[in-house]
Amino acid sequence: QVQLVESGGGSVQAGDSLRLSCVVSGGIFSSAAMAWFRQAPGKEREFVAVITKNSDYTHYADSVKGRFTISRDNAKSTIYLQMNSLTSEDTAVYYCSLDPSGVALPWIERYHDWGQGTQVTVTS
């Protein structure tokens, strides 16, 4: 059974930075594509970023491109999301997930395991 635990969220001001982490257990991390999604109040969960198992390809939502960076440490079974120049539009609960096939796509239908999420609140 795969388990994902997100951390690193908090309350910050616009323009600040945060770094989220997601630790994965269950033995399939090294072969899986990993992704971040987020869900704002009253909205559907949306794609943020994805990374392949070897970190040779990343893809971002247009809304975060140039501000957010996804990375992973396979030795620690952990992925990260470095978030810079935060705005109030980034306020949401952030979730990590994985695609065991290793294919890095932004479609939420491919992701079935979720952590509890970590809250990010940005005030202007």
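The structure presented is a predicted model; accordingly, all values stated were derived computationally and were not measured.
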Nearest heavy-atom neighbours spanning Ser85 and Ser17: N-OG, 4.3 Å

Using only atom types and a distance under 3.5 Å, with no angle test, would you say the side chain of Gln1 pairs donor to acceptor with the backbone of Gly26? no

Please check if Val120 and Trp114 belong to a single hydrophobic cluster, counting links between Ile, Leu, Val, Met, Phe, Trp and Tyr side chain heavy atoms closer than 4.5 Å. no

Shortest non-hydrogen contact between Arg110 and Ser101, atoms and distance: NH2-OG, 3.1 Å

Mind checking whether Ile108 and Val93 sit in one hydrophobic cluster, side chains of I, L, V, M, F, W, Y counted as touching below 4.5 Å? yes

Any non-hydrogen side-chain atom of Val24 less than 4.5 Å from a side-chain atom of Val2? yes

With a 4.5 Å limit on heavy-atom distance, are the side chains of Gln82 and Leu20 in contact? no

Could you tell me if the side chain of Asp113 sits less than 4.5 Å from the side chain of Leu4, heavy atoms only? yes

Search all heavy atoms of Thr52 against all heavy atoms of Ala104 and return the closest pair with its distance. CG2-CB, 3.6 Å

Side-chain heavy atoms of Ile51 within contact of Tyr57, under 4.5 Å: no

Counting only heavy atoms from other residues, nucleotides and ligands, does the tally under 6.0 Å from NZ of Lys43 exceed 12? no

Could you tell me whether a side-chain N or O of Thr91 sits under 3.5 Å from a main-chain N or O of Val122, the two making a donor and an acceptor? yes

Can you find a heavy atom in the side chain of Phe68 that is under 4.5 Å from one in the side chain of Asn84? no

Cation-pi check for Tyr60 against Arg67: NZ or CZ below 6.0 Å from the six-membered ring centre and within 45 degrees of the axis, yes or no? no

Closest contact, heavy atoms only, Val48 versus Val64: O-CG2, 3.6 Å

Evaluation steps, side-chain hydrogen bond (donor to acceptor under 3.5 Å, both in side chains), between Gln119 and Thr121: CA-CA 6 Å; Gln119 175 71 48; Thr121 303; 3.3 Å; yes

pair Met34-Val50: side-chain heavy atoms closer than 4.5 Å: no

Considering non-hydrogen atoms only, spot the tightest contact between Trp36 and Ile79 and give its length. NE1-CD1, 3.4 Å

Sequence neighbours excluded - ring pair (Phe, Tyr, Trp, His ring centres under 6.0 Å) pairs with any residue from residues 80-110: none

Which distance, rounded to the nearest 0.5 Å, do you find between the CD of Gln3 and the SG of Cys22? 11.5 Å

Cluster question for you: counting only ILVMFWY and a side-chain heavy-atom cut-off of under 4.5 Å, with indirect links fine, are Met83 and Ile70 together? yes

Side chain to side chain contact (heavy atoms under 4.5 Å, CB included) between Ile28 and Leu98, intermediate numbers included: CA-CA 9 Å; Ile28 61 173; Leu98 59 89; 3.6 Å; yes

Leu86/Leu18 under side chain to side chain contact (heavy atoms under 4.5 Å, CB included): CA gap, chis, key distance, verdict: CA-CA 8 Å; Leu86 286 162; Leu18 278 175; 4.2 Å; yes

I would like to know whether Arg38 and Phe47 meet side chain to side chain contact (heavy atoms under 4.5 Å, CB included); could you show each step before the answer? CA-CA 7 Å; Arg38 67 185 181 185; Phe47 168 78; over 6 Å; no

Arg72 and Phe29: which non-hydrogen atoms are nearest, and at how many Å? NH2-O, 2.7 Å

